[in-house]
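Notes follow the structure.
The residues of the chain are indexed from 1 along the displayed sequence. The figures that follow rest on heavy atoms only: side chains count, while hydrogens, waters and symmetry mates do not. These figures come from a predicted structure and were not determined experimentally.
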Amino acid sequence: MFFLSQDKDGLGSVMEVVGTQSLPVSNRALDYQLAQYANNPLFLVPGVSTGVTDARGIMIKENGIIFYRLNFTKANHTYVYNVTLSDPSSEEGKLWHEEEILNGDRHPAQTHGYFNGINYYGDYQSPVLYIVDNSLPTNNGETIRRMRIGHPIVPPGYQRTRIDRFHLDLQQGQPQADQFEELDLDLLTEDSLTLTTESSTDLILDQSQLVQLFNNNPIVYLSLSKDGGQSYYYKQEAPMGKLGERSFRTVWRKLGVIPRGQAVIPKIEFFGQGPFIILGAAWVHEVMPE
């Protein structure tokens, strides 16, 4: 069981009940964010909806991993906790991530149901049920943005840093669905021969077949922050590799100089309709002289 706690000093952490003991599972960053929602429960700032009274939680198990999704409709955010792989005993072991749709709004899932071996999500603002399946490449037809923001990187002496190369290690060569195309179906004989007219034009059926096309050149986007994550530079493209290219390297070169006293933070984004699995990253840089 999970619940959002509160004590005499105000809003507390997200808690998990293990046996008869309650353990805090939210990290410091999430606790701070939730405290900002609670500070303005009466909608005092125009255009800023806050408060935690509309918090709704969902638990779901996917591929043997249990997730806890915490939704805030007024604040327009969704946070997800990896129950199976997290370690509540350490700050770094509490694995949370934010889930959102393409325009940045909260995830539409508000309720969860399980029937006949299939998981369903209920939409928070319309009477719609969505099938939950990792094999579906979109959110009801909308592209899913996959994003990962790295840790700040800065030399011990805060010197200027020149970044020569950034290498992203991915699971390459995977099929990437790009779009669907509607193809006409020929009218066939009993022997599977095509029927044609006197002018050698194929006769086609009224119905058609929806065929999935694959993008043979998926693109990954990298943007860097040179001011501690307050802003990010323009997105730079790099190919992910064609279908079957298992050893392809996704590399960005000549990424510029980071000013003295500032950390560089990489942000990776992917908008393809297929698996996007990050295995690691490496970079080549040089600390510049004073």
Taking the side chain as every heavy atom from C-beta outward, state whether [X] and [Y] have any atom pair closer than 4.5 Å.
{"X": "Q262", "Y": "R160", "value": "no"}
{"X": "Q236", "Y": "L255", "value": "yes"}
{"X": "M240", "Y": "F270", "value": "yes"}
{"X": "M147", "Y": "K267", "value": "yes"}
{"X": "F271", "Y": "I144", "value": "no"}
{"X": "V264", "Y": "V154", "value": "no"}
{"X": "Y120", "Y": "H112", "value": "no"}
{"X": "L224", "Y": "I163", "value": "yes"}

Testing the basics here: between [X] and [Y], what is the closest heavy-atom pair and its distance to 0.1 Å?
{"X": "G157", "Y": "R260", "answer": "O-NH1, 3.9 Å"}
{"X": "Q159", "Y": "V287", "answer": "CB-CG1, 3.5 Å"}
{"X": "V251", "Y": "A238", "answer": "O-CB, 3.9 Å"}
{"X": "G12", "Y": "D31", "answer": "O-OD1, 4.3 Å"}
{"X": "I101", "Y": "P108", "answer": "CG2-CD, 3.6 Å"}
{"X": "S90", "Y": "K94", "answer": "O-CG, 3.4 Å"}

- Item | Evaluation steps, ring-ring contact (aromatic ring centres under 6.0 Å, His included), between W96 and Y81 | CA-CA 5 Å; W96 286 87; Y81 176 63; 4.9 Å; yes

Treating Ile, Leu, Val, Met, Phe, Trp and Tyr as nodes and any side-chain heavy-atom pair under 4.5 angstrom as an edge, say whether [X] and [Y] lie in one connected cluster.
{"X": "I265", "Y": "L168", "answer": "no"}
{"X": "I153", "Y": "V257", "answer": "no"}
{"X": "L70", "Y": "F67", "answer": "no"}
{"X": "F276", "Y": "W252", "answer": "yes"}
{"X": "V52", "Y": "F3", "answer": "no"}

Hey, does the side chain of [X] reach the backbone of [Y] with a donor-acceptor pair shorter than 3.5 angstrom?
{"X": "E98", "Y": "T78", "value": "no"}
{"X": "N139", "Y": "E142", "value": "no"}
{"X": "S86", "Y": "L95", "value": "yes"}
{"X": "Q36", "Y": "Y32", "value": "yes"}
{"X": "S225", "Y": "S231", "value": "yes"}
{"X": "S26", "Y": "V14", "value": "yes"}
{"X": "D54", "Y": "T73", "value": "yes"}
{"X": "R146", "Y": "G272", "value": "yes"}
{"X": "T84", "Y": "I66", "value": "yes"}
{"X": "Q230", "Y": "D227", "value": "yes"}

- Does atom CZ of F248 have more than 12 heavy-atom neighbours from other groups under 6.0 Å away?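 It does: F248 CZ has more than 12 such atoms within range.
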
- Message: Looking at Y233, I'd like to know if its OH atom is crowded, meaning that more than 12 non-hydrogen atoms belonging to other residues, nucleotides or ligands lie closer than 6.0 Å.
- Response: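 Not buried by this count: 12 neighbours or fewer within 6.0 Å.
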
- Item | Working for side-chain contact (heavy atoms from CB on, under 4.5 Å), residues D169 and I278 | CA-CA 6 Å; D169 188 15; I278 297 178; over 6 Å; no

- Message: Does this structure show an ion pair linking E99 with R106, if we count only N-O contacts that are shorter than 4.0 Å?
- Response: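 Not counted as a salt bridge, because no side-chain N and carboxylate O are separated by less than 4.0 Å.
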
- Query: Going by an N to O cut-off under 4.0 Å, is there a salt bridge joining R162 and D164?
  - Reply: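 Judged by the 4.0 Å cut-off on N to carboxylate O distance, R162 and D164 do form a salt bridge.
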
- Given the rule in the side-chain contact (heavy atoms from CB on, under 4.5 Å) test, do Y124 and H107 qualify, once you have shown the distances and angles that lead to the verdict? CA-CA 9 Å; Y124 75 100; H107 193 271; over 6 Å; no

- Task: Quick one: do E100 and R145 satisfy salt bridge (Lys or Arg N to Asp or Glu O under 4.0 Å)? Show the steps, please.
- Result: CA-CA 8 Å; E100 60 187 22; R145 178 180 67 165; 2.2 Å; yes

- Query: Partners of R249 by salt bridge (charged side-chain N to carboxylate O under 4.0 Å, His left out), sequence neighbours excluded?
  - Reply: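 For R249 there are no salt bridge (charged side-chain N to carboxylate O under 4.0 Å, His left out) partners, ignoring immediate neighbours.
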
- Using salt bridge (charged side-chain N to carboxylate O under 4.0 Å, His left out) as the criterion, list what pairs up with D87, not counting sequence neighbours.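 Salt bridge (charged side-chain N to carboxylate O under 4.0 Å, His left out) check on D87 returns nothing, list empty.
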
- Quiz item: cation-pi between K235 and Y221, 6.0 Å / 45°: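 Judged by the rule (NZ or CZ under 6.0 Å from the ring centre, within 45° of its axis), K235 is not positioned above Y221.
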
- Query: Should the pair H77 and Y37 be assigned to parallel (<30°), tilted (30 to 60°) or perpendicular (>60°) ring geometry?
  - Reply: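 Taking Y37 first and then H77, their aromatic rings lie parallel (interplane angle under 30°).
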
- Would you call the rings of F2 and Y68 parallel, tilted or perpendicular if under 30° counts as parallel and over 60° as perpendicular?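 Rings of F2 and Y68: parallel, as their planes differ by under 30°.
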
- Where do D123 and L129 land on the side-chain contact (heavy atoms from CB on, under 4.5 Å) test, with the steps shown first? CA-CA 6 Å; D123 196 293; L129 287 177; over 6 Å; no

[atom1] of [X] to [atom2] of [Y]: how many Å apart, nearest 0.5 Å?
{"X": "E269", "Y": "R148", "atom1": "CD", "atom2": "CZ", "value": "13.0 Å"}
{"X": "Q125", "Y": "D105", "atom1": "CD", "atom2": "CG", "value": "8.0 Å"}
{"X": "Y121", "Y": "Q110", "atom1": "OH", "atom2": "CD", "value": "11.5 Å"}

- Query: Do F166 and W283 make the cut of ring centroids closer than 6.0 angstrom?
  - Reply: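 That pair fails the under 6.0 Å test.
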
- Query: Side chains of N140 and T138: donor-acceptor distance under 3.5 Å anywhere?
  - Reply: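 Short answer, no.
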
- Steps toward side-chain contact (heavy atoms from CB on, under 4.5 Å) verdict (V83, E16): CA-CA 9 Å; V83 181; E16 176 186 5; 4.1 Å; yes

